[in-house]
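Just so you know, these numbers use all the heavy atoms, side chains as well, and skip hydrogens, waters and symmetry mates.
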Amino acid sequence: MLFVHILRRWTADQGDHGTSWVLGLRDPQVAAAISLLHEDPARPWTVEELAHRVGVSRATLSRHFTDLVGEPPLAYLTRWRLELAGRRLRDTADALPAVARSVGYGSVSAFSRAFTRQWGTPPSRHRTDHHL
């Protein structure tokens with residue numbers, strides 16, 4: 001309950017300034033797009049498909065999403081996929097190809113490049129450094 005109160009207070013204090021996925025939840029279409037991305041991160045999403053699914057134009061979704069969240073929808077998706085991958089590497093012994101596929105990457109090399117760009121370390125190193 002305290003966390004919810006703190007979160008509400010923080011978003012109220014942000015007003016119309018600042019960006020985050022939490023602020024994106026204020027807008028019905030952006031919130032719906034975030035929900036879709038979270039429900040199926042491995043899907044090969046396009047902004048056009050997301051916009052169609054939430055009932056707005058591609059330009060409107062891109063503009064509102066970027067204004068509220070601070071990055072375009074597909075950049076957000078990439079970051080979200082790599083966050084999920086980092087957790088999976090830390091919390092499971094799943095093979096790298098399975099982790100890559102689970103977050104929407106068709107090849108381990110593409111996944112490894114994106115992961116290294118995001119985290120500053122390759123997936124295998126991340127696993128050994130953070131495995132519980």
Distance in Å, [X] [atom1] paired with [Y] [atom2], rounded so as to fall on 0.5 Å steps:
| X | Y | atom1 | atom2 | result |
| --- | --- | --- | --- | --- |
| Leu61 | Asp27 | CG | CG | 8.5 Å |
| Leu77 | Leu36 | CG | CG | 11.0 Å |
| Trp45 | Thr78 | CH2 | OG1 | 14.0 Å |

Task: Beyond-backbone contact of Arg79 with Glu71, side-chain heavy atoms, under 4.5 angstrom - done: yes

Open item on the list: Is any side-chain heavy atom of Ile34 closer than 4.5 Å to one of Val69?
Closed with: yes

Can you list the residues that meet the side-chain hydrogen bond (donor to acceptor under 3.5 Å, both in side chains) rule with [X], with sequence neighbours excluded?
| X | answer |
| --- | --- |
| Ser62 | none |
| Arg81 | none |
| Arg63 | none |
| Glu48 | none |

Open item on the list: Filter on salt bridge (Lys or Arg N to Asp or Glu O under 4.0 Å), then keep only pairs touching residues 92-101, sequence neighbours left out; what's left?
Closed with: Arg88-Asp94

- [ ] Return the set of residues passing ring pair (Phe, Tyr, Trp, His ring centres under 6.0 Å) with Trp80 (not counting sequence neighbours), or none when no residue passes.
- [x] His38

- [ ] Assess whether side-chain contact (heavy atoms from CB on, under 4.5 Å) is satisfied between Arg87 and Val99, documenting all intermediate values.
- [x] CA-CA 10 Å; Arg87 290 180 196 171; Val99 173; over 6 Å; no

Could you list the donor-acceptor pairs under 3.5 angstrom formed between side-chain atoms of residues 49-59 and any protein atom two or more places apart in sequence or on another chain?
unit_1: Glu49; atom_1: OE2; unit_2: Arg43; atom_2: NE; d: 3.0
unit_1: Glu49; atom_1: OE2; unit_2: Arg43; atom_2: NH2; d: 2.4
unit_1: Ser57; atom_1: OG; unit_2: Thr60; atom_2: N; d: 3.0
unit_1: Ser57; atom_1: OG; unit_2: Thr60; atom_2: OG1; d: 2.8

Give every donor-acceptor pair under 3.5 Å between a side-chain atom in residues 108-124 and any protein atom, sequence neighbours left out.
unit_1: Ser109; atom_1: OG; unit_2: Ser107; atom_2: OG; d: 3.4
unit_1: Thr116; atom_1: OG1; unit_2: Ser112; atom_2: O; d: 2.8
unit_1: Trp119; atom_1: NE1; unit_2: Leu82; atom_2: O; d: 3.3

